[in-house]
Visitor: 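Dumping the structure here so I can ask a few things about it.
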Protein chains: 2
Amino acid sequence: MTTTTSRAIRLGPALRPTEKVLPEHARAHNRSLVLAHLFHSGPTSRADIARSTGLTRVTVSDLVAELIGENLVAELGVRAGGGRVGKPATLVGMQTEAFHIVAVDLTDDAALTGAVMTLASDVVARRTAALDGRTGDEAVAVLEGLCRDLLAAATQPVIGIGIGSPGVIDADGVVLEAPNRGWFGVPLAARLQAALGVPVHVANDANVQALGEYTYGGAGGSLMVVTIGQGVGAGIVLDGALVRGRHDAAGEIGHVTVVDERDVLLGEPAPLPCVCGRAGCLETVLSVPALRRRVAGLSPEDSDAQLASVGRKLGLALAPVVSALNLAEVVLSGPRELVGGALREAALSTVRSRTMPVIGRDLEMRTASIGEDRALSGAAVLVLSGQLGVT
Amino acid sequence: MTTTTSRAIRLGPALRPTEKVLPEHARAHNRSLVLAHLFHSGPTSRADIARSTGLTRVTVSDLVAELIGENLVAELGVRAGGGRVGKPATLVGMQTEAFHIVAVDLTDDAALTGAVMTLASDVVARRTAALDGRTGDEAVAVLEGLCRDLLAAATQPVIGIGIGSPGVIDADGVVLEAPNRGWFGVPLAARLQAALGVPVHVANDANVQALGEYTYGGAGGSLMVVTIGQGVGAGIVLDGALVRGRHDAAGEIGHVTVVDERDVLLGEPAPLPCVCGRAGCLETVLSVPALRRRVAGLSPEDSDAQLASVGRKLGLALAPVVSALNLAEVVLSGPRELVGGALREAALSTVRSRTMPVIGRDLEMRTASIGEDRALSGAAVLVLSGQLGVT
DNA sequence: TTTGTTAGTAGAGCGTCCTTACAAATTCGT
DNA sequence: ACGAATTTGTAAGGACGCTCTACTAACAAA
């Protein structure tokens with residue numbers, strides 16, 4: 001493995017709003033602006049970048065030269081297709097193949113999955129590691145081993161490692177609590193970074209997915225991802241920024257009560273006990289195990305009716321959130337055969353019927369199947385964002 | 001290298017995260033940092049500011065000199081109370097009396113209320129203007145007249161006008177829709193600014209109150225204000241930033257359904273028709289008129305029971321929002337005799353019983369009575385934030 | 001060939017902050 | 001009492017970043 005780069009890449013505007021801003025921060029910001037433009041718009045000319053960012057051509061040339069010097073950007077020859085007056089533009093584009101990112105998804109209780117990806121989130125190699133019930137420091141060791149595997153599998157310099165993990169995780173990558181992994185107050189990012197010598201970024205798995213959807217999903221800057229797996233979680237991006245919440249516990253929507261005694265009085269199923277110690281939580285009806293139990297052995301019609309019933313519960317919980325935040329989009333992330341059909345439709349129509357037309361009308365609700373590379377792409381975005389400032 | 005996730009740089013007023021950053025923006029940001037420190041911490045020395053902001057003493061001296069030149073800051077003599085080694089510090093403090101802010105609250109359907117305030121939000125003069133049912137351009141004219149009155153009443157230079165208005169309002173102060181005032185797509189801020197020659201900032205009244213609570217309420221950076229008046233609205237501040245939502249309609253929580261047919265089946269009151277055309281909205285039970293009707297002529301005990309019943313409805317709607325955002329604080333803004341007692345307690349206990357302990361335990365729910373100067377203070381914060389970058 | 005337009009670069013200039021150095025004023029140690 | 005240490009605030013010089021102006025290069029249209 002070569003070193004990541006000769007110079008430490010640290011463009012990410014990792015600045016708290018109450019921190020001072022120096023000229024070099026401004027430059028880093030503008031550099032990220034240029035890179036983000038190339039990332040999203042593909043190869044363009046320096047002049048195009050200047051028009052798009054508002055910077056002068058001179059400054060853009062300077063920034064692009066810097067980026068070329070670090071091999072993040074390359075000249076791609078002269079733009080074809082004449083017909084335009086003036087000197088033809090020299091195209092410059094991001095070198096998405098010149099660096100690699102290591103992305104790891106810890107969502108699954110049984111096995112850690114990871115991949116080596118290009119800067120465009122194309123998978124170059126995959127590795128997995130079985131947890132075999134290990135928790136605490138042993139689980140960290142398994143994770144570190146997987147990361148070493150992946151680093152060894154990378155054929156280009158690795159700019160960083162992105163990890164999506166269940167649990168409550170703060171902005172510095174400290175896992176405050178992840179009961180399923182036995183992690184409480186584990187400075188995961190710092191430990192792995194010290195051990196591996198590569199920048200490491202860790203965030204909640206649902207938050208990571210929300211970042212991925214924000215970057216690759218195409219919708220506006222206000223979205224919520226509901227992850228439906230062993231448990232139920234959520235990640236929220238508002239105005240382009242991840243919501244963290246007071247104690248970094250934003251998105252913990254799995255344990256909102258959606259079934260109570262009133263349901264019993266109306267002849268519906270009673271609230272089920274939840275791992276959190278209470279009963280009737282969203283997770284007791286919406287988690288994948290709960291859904292599978294509910295539809296096991298039923299005919300398609302009955303199954304759909306059951307899924308729709310769960311969808312209505314979800315809609316009940318989502319309606320106030322969608323209203324209060326004026327969300328543009330809710331993404332359901334889970335097995336498509338469970339969440340893609342009647343469940344999604346019932347949830348959407350419930351939200352629409354329980355909110356103002358102006359709120360519900362424009363709301364999109366779509367599915368993103370877990371198990372594909374959405375989670376890994378999100379982890380890659382974590383690195384892109386943290387190391388290069390690209391979102 | 002630390003591993004924080006990306007966070008948008010906020011360089012003072014009117015800078016979107018995707019815009020270029022020039023050295024002068026950096027300076028404006030640092031200037032605001034100095035001013036904000038003086039605003040929140042009171043008079044201190046230049047060296048203290050340097051330690052607190054991370055800037056050097058040299059730079060702080062320069063910035064302070066600039067602020068003194070604009071009369072926003074003044075030297076206040078040498079710090080008393082010895083006991084500390086070294087040269088005694090010269091205190092500098094914000095000149096809160098040297099400028100005035102005009103704040104206007106349009107929440108009330110009958111009359112506009114406004115005040116001239118110092119930079120510390122102390123009221124210097126008050127004025128009101130009756131609407132007498134006027135809407136549209138005539139209502140704008142009444143508002144403009146009130147602003148002129150207030151400008152004339154100011155005895156110091158006015159740095160700006162802050163207006164909190166019902167309705168959906170975008171970041172540029174365009175009232176997209178305010179049915180009660182008959183405003184649809186009215187560029188209120190721009191029109192008043194052109195007519196009055198003073199910077200004008202307009203925002204939704206609930207959002208304005210949320211800003212005020214964020215600045216003066218003392219709690220953390222994640223709070224929600226629920227305004228309970230003619231209608232029901234909400235404003236949300238997350239990580240120190242106002243949530244706007246996809247179409248600037250964030251906070252429109254008044255028209256979430258909280259009463260439906262199920263309640264009828266359980267022998268509870270049927271959903272009431274709502275002005276929005278649907279039925280059972282939160283506003284149909286929580287608005288001040290609805291509350292007054294509900295408790296009219298009842299004994300204190302019966303009244304409390306009714307208020308608690310409404311509080312539970314509110315709690316039902318708030319629980320998912322509090323969970324999803326990990327809010328630190330919910331502020332109920334309305335007549336204290338209605339929302340301060342049983343209603344608040346029922347809402348809080350409902351939220352607690354329907355969310356994870358870690359979410360509900362630390363949640364604060366308090367009241368802020370409308371009709372006092374909270375709304376006006378919020379409008380003043382709008383100006384402080386917009387003109388001076390102080391929040 | 002001339003004119004006009006667009007792309008990209010060079011040099012000078014201005015703004016911003018930092019580092020280093022220094023003067024002033026006070027307390028502490030002996 | 002008196003120097004040493006400490007703290008505050010300022011001044012000079014330098015590094016960095018962006019812009020403005022001016023220039024060359026390359027093309028289309030007249």
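Just the heavy atoms: all of them, side chains too, but no hydrogens, waters or symmetry mates, feed the values below. A note on names: the letters A, B, ... follow the listed sequences, proteins ahead of strands, and every chain is numbered from 1.
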Visitor: Can you sort out the partners of B/Glu75 under salt bridge (Lys or Arg N to Asp or Glu O under 4.0 Å), two or more places apart, ordered by chain and number?
Guide: B/Arg46
Visitor: Whole-Å distance between D/dG17 P and A/Leu33 CG?
Guide: 16 Å
Visitor: I'd like to check the side chain to side chain contact (heavy atoms under 4.5 Å, CB included) partners of B/Ala190; sequence neighbours left out, ordered by chain and number.
Guide: B/Pro187
Visitor: Closest approach to the side chain of B/Val85, judged atom by atom: which nucleotide of D/dT6, D/dG9, C/dA7 is it?
Guide: D/dT6
Visitor: Please list, chain by chain and in numerical order, all residues satisfying salt bridge (Lys or Arg N to Asp or Glu O under 4.0 Å) with A/Glu97, sequence neighbours excluded.
Guide: none
Visitor: I need a per-nucleotide contact map over nucleotides 11-23 of chain C, read 5' to 3'. Cutoff is protein heavy atoms under 4.0 Å; write B for the base, S for backbone only, - otherwise.
Guide: -----SSSBB---
Visitor: Could you tell me which residues satisfy side-chain hydrogen bond (donor to acceptor under 3.5 Å, both in side chains) with A/Thr56, sequence neighbours excluded, listed by chain and number?
Guide: A/Thr59
Visitor: Between A/Arg79 and C/dT6, does any side-chain N or O lie under 4.0 Å from OP1 or OP2?
Guide: no
Visitor: State, to the nearest 10°, the angle formed by the axis through the first five base pairs of the helix from C/dT1-D/dA30 to C/dT30-D/dA1 and the axis through its last five.
Guide: 10°
Visitor: Among all residues two or more places apart in sequence or in another chain, which pass the side-chain hydrogen bond (donor to acceptor under 3.5 Å, both in side chains) test with A/Asp248?
Guide: none
Visitor: Give a yes/no on whether any side-chain N or O of A/Ser61 is located under 4.0 angstrom from OP1 or OP2 of C/dA7.
Guide: no
Visitor: Ignoring hydrogens and angles, write down the donor-acceptor pairs under 3.5 Å from the side chains of residues 192-202 of chain B, residues two or more places apart or on other chains.
Guide:
| from | atom 1 | to | atom 2 | distance (Å) |
| --- | --- | --- | --- | --- |
| B/Gln193 | OE1 | B/Val200 | N | 3.2 |
| B/His201 | NE2 | B/Gln387 | OE1 | 2.7 |

Visitor: Taking only residues two or more places apart in sequence or in another chain, which ones pass salt bridge (Lys or Arg N to Asp or Glu O under 4.0 Å) with B/Asp170?
Guide: none
Visitor: So, using salt bridge (Lys or Arg N to Asp or Glu O under 4.0 Å) as the criterion, who are the partners of B/Arg246 when residues are at least two apart?
Guide: none
Visitor: Using the side-chain hydrogen bond (donor to acceptor under 3.5 Å, both in side chains) criterion, which residues pair with A/Ser121? Sequence neighbours excluded.
Guide: A/Tyr216
Visitor: For DNA chain C, which residues of residues 37-50 of chain A approach it to below 4.0 angstrom with any heavy atom?
Guide: A/Ser45, A/Arg46, A/Ala47
Visitor: Tell me which one of A/Asp62, A/Val64, A/Leu72 satisfies side chain to side chain contact (heavy atoms under 4.5 Å, CB included) with A/Arg31.
Guide: A/Leu72
